[in-house]
Amino acid sequence: MNQNQQTQTQKPKKKVDLDRTDIPKQPPHIRRRNFNEVALGYTADLAVKEAKRCLECKRPFCVSGCPVEINIPGFVSRIAGEDFPGAIRVLKEKNCLPAVCGRVCPQEEQCEVKCILNKKGAPVAIGRLERFAADWEAAQDHIEMPEIPPSTGKKVVVVGSGPAGITVAGDLILLGHEVTMYEALHAPGGVLVYGIPEFRLPKRIVSRELNYLQDLGVNLVPNYVVGKIKKLDQILADNDAVFIGTGAGLPWFMNVSGENLNGVYSANEYLTRMNLMGGFKYPRASTPIKRHKNVATVGGGNVAMDCARTAARLGAKNSYIVYRRSQKELPARLEEFENAEEEGVIFHFLTLPVKLIGDENGWLKELECLRMELGEPDKSGRRRPIPIEGSEFRLPMDACIVAIGNSPNPIIPETTPDLETGKWGNIEADEATGKTSKERVWAGGDIVTGAATVILAMGAGRIAARSMHKYLIGEESWTCSEE
Ligand code: FAD
């Protein structure tokens, strides 16, 4: 950026601390032994101090980095001025899950990376401030309830209660439509509840948001698998429009021998047993989980970090991450990698498991691995891992968690033949509207994009809700071509 541009975009001469305000955290040796939230959040004083670092740029690049275009300087300046109700009001104009996004969004790649302060020091801690404003509101006796307009008489079904479905339900109920949300599991919230562990995203925060939706009038129906209990066409017969936000919960495996041994889990199974079934509370919980000594998690994303950190908390003597590329290519958020390292997770980089070896009772005993080296970048832009011939070695291990990715949930595509799908089993939907190939059906979130992020799922939900509303009030006909 040249000097001329700089003067156009920021107020001059504000002296600012180039370091961001630290967020208090549980010390690693203590948090490794419990499931409580790691980061404790800003106090009001710390939040105001951090918010005052914002330069209030005239042309705020941070907003363009946010997939739902939150008025970031608007809410940050209100925190700086100690107007906390004002801050949460600004946030909620664009984001119905600020307490969630403040905790798990990859701000370092989105809004914060665009912050002008990033050039000389640390960017404003936008995520931490978002979390502060949401938590401040939750701590008040009274949550502001918006006015619900008169009923339009239109009935909408949302399938799936993850961030995409929550956004659609929240937006459409506030526009006067009747909303029913079907969820396959007994607890709503999608990955926010069954995937992301308590120590990163406490369940009470997601429950709070879902209670709020129900207070607004959304009819939430758990234990209801669309495609099995009723097919999509049957649901369409009784409703005006349907949104599908069923996520990407179908785990990938490595396809190596020994993957059926006892002690081998998919990340989804491991995390669902822990988060949804409360396995760590055994014997108080009825679904136990075995406490393994040496646990290898294969993969390098947020899901892998969550598994390895969970295994450490469950008492594993050694919790390893086995990743085929180097640290530089790790797809996990830097913060989560650092937290995992601080908690004693051991990293085996440039390592690929090729065989899982069991004992005479069918339990995992060892991982046979190959060492890797990095070649030229592949389609993803990351350097391709190449096996080093003859480099086989074995790691003694009694559990292995496979966290290498997920595909879109297949039930609805499989039971709805006229719904167009892509080569990964994803539902095809128009990017600008969320419309699918099937009349009166919209889709968004991981079921369309494959495994992505909370904020992208919410963004897709918002786009679909806007299009659905236009259709429901007769402002727009179904066909994409008339837009
Ligand atoms: P989901 O959250 O998957 O919700 C879909 C819901 O639909 C589920 O509740 C499912 O049970 C339900 N469903 C499926 N089929 C049916 C059916 N037939 N009938 C009824 N209901 C059905 N993203 C981040 O931004 N930051 C992170 O730190 C992060 N960490 C992650 C950690 C883990 C362990 C995982 C697994 C993912 C993580 N993600 C993270 C990704 C993020 O959570 C997802 O991208 C996001 O939740 C997708 O939202 P969604 O609404 O599309 O689907």
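Each ligand, and each atom within it, is numbered from 1 in the order the structure gives.
Selection from I411, T453, I196, T246 by nearest heavy atom to atom 29 (C) of ligand 1 gives I196.
Polar contact check, E183 against ligand 1: a nitrogen or oxygen pair lies under 3.5 Å apart. Backbone and side-chain nitrogen or oxygen atoms of A164 are examined, and one is located within less than 3.5 angstrom of a nitrogen or oxygen of ligand 1. At a 3.5 angstrom cut-off on N or O pairs, A184 counts as close to ligand 1. Ligand 1 has a nitrogen or oxygen under 3.5 angstrom from a nitrogen or oxygen of V191. On a distance-only criterion, V226 and ligand 1 share at least one N/O pair closer than 3.5 Å.
Other residues, nucleotides and ligands contribute only 12 or fewer heavy atoms inside 6.0 Å of the CD atom of E431.
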Please lay out, stage by stage, how I70 and V63 fare under the test side-chain contact (heavy atoms from CB on, under 4.5 Å). CA-CA 6 Å; I70 292 172; V63 178; over 6 Å; no
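Residue contacts with ligand 1 include R200, since one or more of its heavy atoms lies under 4.0 Å from the ligand. Contact annotation: A452 has at least one heavy atom less than 4.0 Å from an atom of ligand 1. Within the structure, the closest approach of P163 to ligand 1 falls below 4.0 Å when heavy atoms are considered. Assignment of G227 to the shell around ligand 1 is not supported, since no heavy atom sits closer than 4.0 Å.
The aromatic rings of W252 and W424 lie tilted to each other, with the angle between the two planes from 30° to 60°. Aromatic ring pairs are classed by plane angle as parallel below 30°, tilted from 30° to 60° and perpendicular above 60°; the pair F35 and F199 is tilted.
Atoms CD and CG, from Q327 and L334 in turn, are 8.5 Å apart once rounded to the nearest 0.5 Å.
Ion pair R32/E342 not flagged as a salt bridge, since none of the NZ, NE, NH1 or NH2 atoms sits closer than 4.0 Å to an Asp/Glu carboxylate oxygen.
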